[in-house]
Undergrad: 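Can you read through this structure? Questions will come right after.
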Number of protein chains: 2
Amino acid sequence: MPKVETFDRNQVLLKATEIFQKKGYNGTSMQDLVDVTNLNRSSIYNSFGCKLGIFMEVLSFYKNDIDQSFEKELIKTYNTADAIKVIFEITLKSILEDDDKKGCLLVNCTSEMANQEPIVHSFVEKNQDKMIAMIEDIINKGQLQKIFNEKQTASQYALYLFTSLQGLRMTGILNKNEEELRNLVNNILYILY
Amino acid sequence: MPKVETFDRNQVLLKATEIFQKKGYNGTSMQDLVDVTNLNRSSIYNSFGCKLGIFMEVLSFYKNDIDQSFEKELIKTYNTADAIKVIFEITLKSILEDDDKKGCLLVNCTSEMANQEPIVHSFVEKNQDKMIAMIEDIINKGQLQKIFNEKQTASQYALYLFTSLQGLRMTGILNKNEEELRNLVNNILYILY
DNA sequence: ATTTAATTGAAATGATCATTTCAAAATTAA
DNA sequence: TTAATTTTGAAATGATCATTTCAATTAAAT
């Protein structure tokens, strides 16, 4: 019976994520992927189909990674104010660790490919909707608890915060000044109280 | 004596801008540029040097266009509150007109190339600094006139507003709902009053 | 041990990439 | 008109692109 997949799929996806995040989709060649994954060219095609195939798996992998880190930190939070802060804290940490200015893969591919590849378009659109819905839930709870004001609906605040997160990721590509970025986050959250 | 340049350089740069904005730097080929500019391949190399050469001219062209539309609208404004609103209004208009979800060339190339091409890195960095300085000037005047509060320095508000602009451009790629985006802008500006 | 089917390596495919080359055509000042 | 010089067209360059091919190798199940 068949030989089974020997390589560590997660390890391969991690390496592929790094190179796609660094060079972008169009800037990354199959040769780049062969080099960084230490996988045979045939094995890549065998396991992922085509370049867009491995990219879509990378997108899911990257998104799951973010979801997990959110989940892990959010269950530790005692109130909704902390929950929102944690989301920005994770983003800030990710920015400060991003030494080679790669930026966020989801933001990058939204700007590079959303208008070119329908499958990427629907992926990032769905992902954005989920993210906004998650924030809206938190705001909703916070408003019920009178922690956040009700001048705007939870939905409106969610769009505002999601937009701020994307802005933060863009600004954070070139600006790694922690003090400035922390103050920026405080200013973003000011409207909620 | 020499034959002079016959083609309309601005027209060529406009066409080149459109294709770079739509497909990105790595997604645009010299053949694409030949096709959209109706210029000979040799003429492109003769006039712009190389692909990165024409791209850098496109960046300047695009940036000048934005600067001019800002200048044109800003001289009409009577107070600093309007000045800030005008900046967001121009951005909003640009988003709503962007039917094919190209996004902003400066945002796109920050995410695609700032970490790969030093010359692009320094261009967008300088451009960001100037934009933030311009916003800071407006905030400064507004604070002196007691139109904006002084809970944060003009510099801190400028970074916040610039980040919000970038976030708005990212959100505006997939979300073209004018009502939602207008409310979003109002929320962004809330902190100033 | 033999069968079975996937993995692997390495080479080949043919398209497309950015860039160069160069002779012919075009244009302008003298 | 002639001389000067650039634009133009079209082909060639050689590298790199994504993808395919296929024989050899590998590993599990019988």
Side-chain angles (χ1 to χ4, degrees), chain A residues 1-59 105 108-109 112-113 116-120 123, chain B residues 1-59 105 108-109 112-113 116-120 123:
Chain A
M1 279 292 239
K3 183 180 172 185
V4 297
E5 201 175 80
T6 56
F7 60 86
D8 180 343
R9 202 174 180 87
N10 271 3
Q11 189 66 25
V12 166
L13 285 173
L14 186 68
K15 287 294 179 186
T17 299
E18 285 171 3
I19 193 75
F20 274 128
Q21 198 176 350
K22 186 172 168 188
K23 299 181 140 199
Y25 179 77
N26 289 310
T28 301
S29 67
M30 288 304 295
Q31 188 57 51
D32 286 331
L33 291 167
V34 168
D35 292 342
V36 300
T37 61
N38 287 319
L39 221 60
N40 189 275
R41 196 178 305 273
S42 306
S43 302
I44 296 180
Y45 279 97
N46 225 321
S47 304
F48 301 101
C50 62
K51 189 184 173 188
L52 191 57
I54 189 169
F55 184 73
M56 293 312 297
E57 282 216 36
V58 158
L59 271 190
L105 180 64
N108 291 353
C109 89
E112 184 184 7
M113 313 179 66
Q116 300 284 89
E117 289 288 350
I119 192 167
V120 173
F123 184 99
Chain B
M1 278 291 241
K3 183 180 173 185
V4 297
E5 203 174 77
T6 56
F7 60 86
D8 180 344
R9 202 175 180 86
N10 271 1
Q11 190 65 26
V12 165
L13 285 172
L14 186 68
K15 287 294 179 186
T17 299
E18 285 171 5
I19 193 74
F20 274 129
Q21 197 176 349
K22 186 174 167 187
K23 298 181 140 200
Y25 179 78
N26 288 311
T28 301
S29 66
M30 288 304 293
Q31 188 56 50
D32 286 331
L33 292 168
V34 168
D35 292 342
V36 299
T37 60
N38 288 318
L39 221 61
N40 190 275
R41 195 179 305 274
S42 305
S43 302
I44 296 180
Y45 279 97
N46 225 322
S47 304
F48 302 99
C50 63
K51 189 183 172 189
L52 190 58
I54 189 168
F55 185 73
M56 294 312 295
E57 283 216 35
V58 158
L59 271 190
L105 180 65
N108 291 353
C109 90
E112 184 184 6
M113 314 179 65
Q116 300 284 89
E117 289 288 351
I119 192 169
V120 173
F123 184 98

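Chain naming here is simple, since letters A, B, ... match the order of the sequence lines and numbering starts at 1 in each.
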Undergrad: When the distance from CG of A:Asn38 to P of C:dT7 is rounded to whole Å, what number comes out?
TA: 18 Å
Undergrad: Show, in sequence, the C-alpha distance, side-chain angles and deciding distance for A:Leu59 and A:Phe55, and conclude whether the side chain to side chain contact (heavy atoms under 4.5 Å, CB included) test is met.
TA: CA-CA 6 Å; A:Leu59 271 190; A:Phe55 184 73; 3.9 Å; yes
Undergrad: Specify the residues of residues 18-36 of chain A, ordered by number, for which at least one heavy atom lies under 4.0 angstrom from an atom of DNA chain D.
TA: A:Thr28, A:Ser29, A:Met30
Undergrad: Phosphate oxygens OP1/OP2 of C:dT7: is one of them under 4.0 Å from a side-chain N or O of A:Asn46?
TA: yes
Undergrad: Parallel, tilted or perpendicular: which one describes the rings of A:Phe20 and A:Tyr25, with boundaries at 30° and 60°?
TA: parallel
Undergrad: What's the CZ-P distance between B:Arg41 and C:dC22, to the nearest Å?
TA: 18 Å
Undergrad: Write down the protein N/O and nucleotide N/O pairs, taken from nucleotides 22-24 of chain D, whose separation is under 3.5 Å; answer none if there are no such pairs.
TA:
none

Undergrad: Please find the pair of heavy atoms, one from A:Asn26 and one from B:Gly27, that lie closest to each other, and give the distance.
TA: ND2-CA, 3.9 Å
Undergrad: Rounded to the Å, how far apart are B:Ile44 CD1 and D:dT8 C1'?
TA: 12 Å
Undergrad: Can you measure B:Tyr45 atom OH to D:dT13 atom C1' for me and round it to whole angstrom units?
TA: 12 Å
Undergrad: Can you measure B:Phe48 atom CZ to D:dT7 atom P for me and round it to whole angstrom units?
TA: 11 Å
Undergrad: Measure across A:Ser43 and A:Leu39 and return the closest heavy-atom pair with its distance rounded to 0.1 Å.
TA: CB-CG, 4.0 Å
Undergrad: Quick one: list whatever passes side chain to side chain donor-acceptor pair (under 3.5 Å) with A:Asn38, sequence neighbours left out.
TA: none
Undergrad: Ignoring backbone atoms, establish whether A:Asn40 has a side-chain N or O less than 4.0 Å from OP1 or OP2 of C:dT7.
TA: no
Undergrad: For the side chain of A:Glu112 and the backbone of B:Gly24, is there at least one donor-acceptor N/O pair under 3.5 Å apart?
TA: no
Undergrad: According to side chain to side chain donor-acceptor pair (under 3.5 Å), who are the partners of A:Asn40, at least two apart in sequence or on a separate chain?
TA: A:Ser42
Undergrad: Quickly work out the A:Leu52 CG to D:dT19 C1' distance and round it to whole Å.
TA: 14 Å
Undergrad: Determine which pairs satisfy salt bridge (Lys or Arg N to Asp or Glu O under 4.0 Å) with at least one residue from residues 46-57 of chain B, sequence neighbours left out, and list them in order.
TA: B:Arg9-B:Glu57
Undergrad: In whole angstrom, give the distance that lies between atom NZ of A:Lys51 and atom C1' of C:dT16.
TA: 13 Å
Undergrad: Can you tell me which residue pairs pass the side-chain hydrogen bond (donor to acceptor under 3.5 Å, both in side chains) test with a partner in residues 11-24 of chain A, sequence neighbours excluded?
TA: A:Lys23-A:Asp32
